[in-house]
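Counting starts at 1 for both ligands and their atoms, following the listed order. Residues take their numbers from the sequence shown, with the count starting at 1. For clarity, every value in this text was computed on a predicted model and none was experimentally measured.
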Amino acid sequence: HSKRAGSHGHTLYHPALIDRRAADAALADDLEHAQARGELHVLYQPLVDLNTERPIAAEALLRWQHPVHGLISPVQFIPIAERTGTINSIGMWVLEQALTQLDAFHQQNPAGPRMHISVNLSPRQLREPSIVHDILTVIARAGVDPRHLVLEVTEAVLVDEAGGIAALRALREHGIRIALDDFGTGYSSLQYLTRLPVDILKIDRSFVAELNGTAEGTAVTEAVIRLAQVLHLNTVAEGIETSNQAAELRALGCHTGQGFLYAKPLPAGEFTQLLQPS
Ligand code: C2E
Ligand code: MG
Ligand code: MG
Ligand code: MG
């Protein structure tokens, strides 16, 4: 246990947690400046058509190269950015990078299929009153078609409050598509899903990892795919690491996926090479 209630109602923290908190506070300060100092960069992981194995889209994934601590995982720094609000400016920066890159992908491979791009959006960003306007402004500036953008949100956004849902609805009216990320790991009820402004369910990689040819291993993934079919949503499988997983997903009716089997998140230049006809 990292903490316990003190006898006077306040919380006593163990030394390890105090260290963690101090480290987080220091990281939060550093993160304020990371963007201006050029420490952030965006990688692109292909989403492939599971039948052809060709990339049809990219997910933009943020990286932070810290001058002292080295590469820090977004799993570690996004929650900090979310707490301090830095995620608002960082998130818009990622969107701008991703859309500029999308335009570059088109121009570098004009004969290829139109690529789509996915950008993660955090709950804090959706609570900004100007979020819809801000996103549309970045899209217009980049000169891309909003129908080529997918915004990935987690169930937390949707359980959170009505404001987030209204914003997603407005974005959708402009042609942007919404994906429910890490689907199945959150706590929203299934009934809720039928009323959400969502186009795509991303099957969390913890379920993909369970695919092993047994009925038990397949149960959750199969249920999500069937649910999506009934609701006319698309599915994307995350974290595909083996060709057996890919084969099971295809057999179950999921036709888009991403994972280390195909490619890790890549710098834009390497991603472009994947787009060249083979
Ligand atoms: P996510 O949106 O669910 O992104 C997928 C994560 O799964 C990525 O981790 C990706 O590198 C990893 N992944 C992809 N294929 C495989 C695989 O085959 N095996 C395994 N084990 N992992 C795989 P990453 O890049 O570390 O990002 C972690 C999370 O951080 C993301 O999860 C997302 O929630 C958040 N994140 C990343 N970039 C941004 C951003 O720009 N904005 C916001 N708000 N969140 C971000
Ligand atoms: Mg995502
Ligand atoms: Mg995900
Ligand atoms: Mg995930």
Inset, instruction - Look only at interatomic distance and state if Gln258 has a nitrogen or oxygen under 3.5 Å from any nitrogen or oxygen of ligand 1. - result: no

Inset, instruction - Give yes if a backbone or side-chain nitrogen or oxygen of Ser73 is under 3.5 Å from a nitrogen or oxygen of ligand 1, and no if not. - result: no

Inset, instruction - Would you check whether Val75 has a nitrogen or oxygen atom less than 3.5 angstrom from a nitrogen or oxygen atom of ligand 1? - result: no

Legend entry - Nitrogen or oxygen of Leu61 less than 3.5 angstrom from that of ligand 1: no

Legend entry - Close-contact set for ligand 1 against Ser122 heavy atoms, below 4.0 Å: 44 (N)

Legend entry - Separation of Leu27 CG from Leu31 CG (nearest 0.5 Å): 7.5 Å

Legend entry - Carboxylate-amine/guanidinium proximity below 4.0 Å for Glu222 and Arg226: yes

Inset, instruction - Using a 4.0 Å heavy-atom cut-off, say whether Ile78 meets ligand 1 through its side chain, its backbone, both or neither. - result: side chain

Inset, instruction - Under 4.0 Å from a heavy atom of Pro265: give me the atoms of ligand 1 that qualify, with their elements. - result: 11 (O)

Legend entry - Residue Glu59 atom name (nearest to the Mg ion (ligand 2); N/O/S): OE2

Inset, instruction - Please state whether the separation between the Mg ion (ligand 2) and some N/O/S atom of Glu152 is under 2.8 Å? - result: yes

Inset, instruction - Measure the spacing between CD of Glu248 and OG1 of Thr242 and express it to the nearest 0.5 Å. - result: 8.0 Å

Inset, instruction - Give the numbers and elements of all ligand 1 atoms closer than 4.0 Å to a heavy atom of Arg63. - result: 11 (O), 24 (P), 25 (O)

Legend entry - For Gln45, the ligand 1 atoms whose distance to one of its heavy atoms is below 4.0 Å: 14 (C), 15 (N)

Inset, instruction - Measure Val42 to ligand 1 on non-hydrogen atoms and call it side chain, backbone, both or neither using the 4.0 Å cut-off. - result: neither

Legend entry - Numbering as shown, the atoms of ligand 1 that approach Glu241 to under 4.0 Å (heavy-atom distance): 17 (C), 18 (O), 19 (N), 20 (C), 21 (N)

Legend entry - Heavy atoms of other groups near Arg147 CZ, more than 12 under 6.0 Å: no

Inset, instruction - Consider every N or O of Gln125 and every N or O of ligand 1, then say whether any pair is closer than 3.5 Å. - result: no

Legend entry - Any N, O or S atom of Asn120 closer than 2.8 Å to the Mg ion (ligand 2): yes

Inset, instruction - Report the distance from atom CD1 of Ile203 to atom CZ of Phe183, rounding to the nearest 0.5 Å. - result: 9.5 Å

Inset, instruction - Pick out which of Asp199, Asn120, Leu171 makes a side-chain contact (heavy atoms from CB on, under 4.5 Å) with Leu151. - result: Leu171

Inset, instruction - Report the relative orientation of the aromatic rings in His148 and His116; use parallel for angles under 30°, tilted for 30 to 60°, perpendicular for over 60°. - result: parallel

Inset, instruction - State, with a plain yes or no, whether a side-chain heavy atom of Gln273 is found less than 4.5 Å away from one of Leu266. - result: no

Inset, instruction - Output yes if Asp181 passes the N/O/S-under-2.8 Å test against the Mg ion (ligand 2); output no otherwise. - result: yes

Inset, instruction - Could you tell me whether Glu238 approaches ligand 1 through its side chain, its backbone, both or neither, with non-hydrogen atoms closer than 4.0 Å? - result: side chain

Legend entry - Pair Leu62-Trp93, side chain to side chain contact (heavy atoms under 4.5 Å, CB included): steps then yes or no: CA-CA 10 Å; Leu62 184 60; Trp93 179 82; 3.8 Å; yes

Legend entry - From CA spacing to verdict: salt bridge (charged side-chain N to carboxylate O under 4.0 Å, His left out), Asp145, Arg114: CA-CA 10 Å; Asp145 185 337; Arg114 301 304 273 181; over 6 Å; no

Inset, instruction - Evaluate whether atom NE2 of His133 has more than 12 neighbouring non-hydrogen atoms of other residues, nucleotides or ligands under 6.0 angstrom away. - result: no

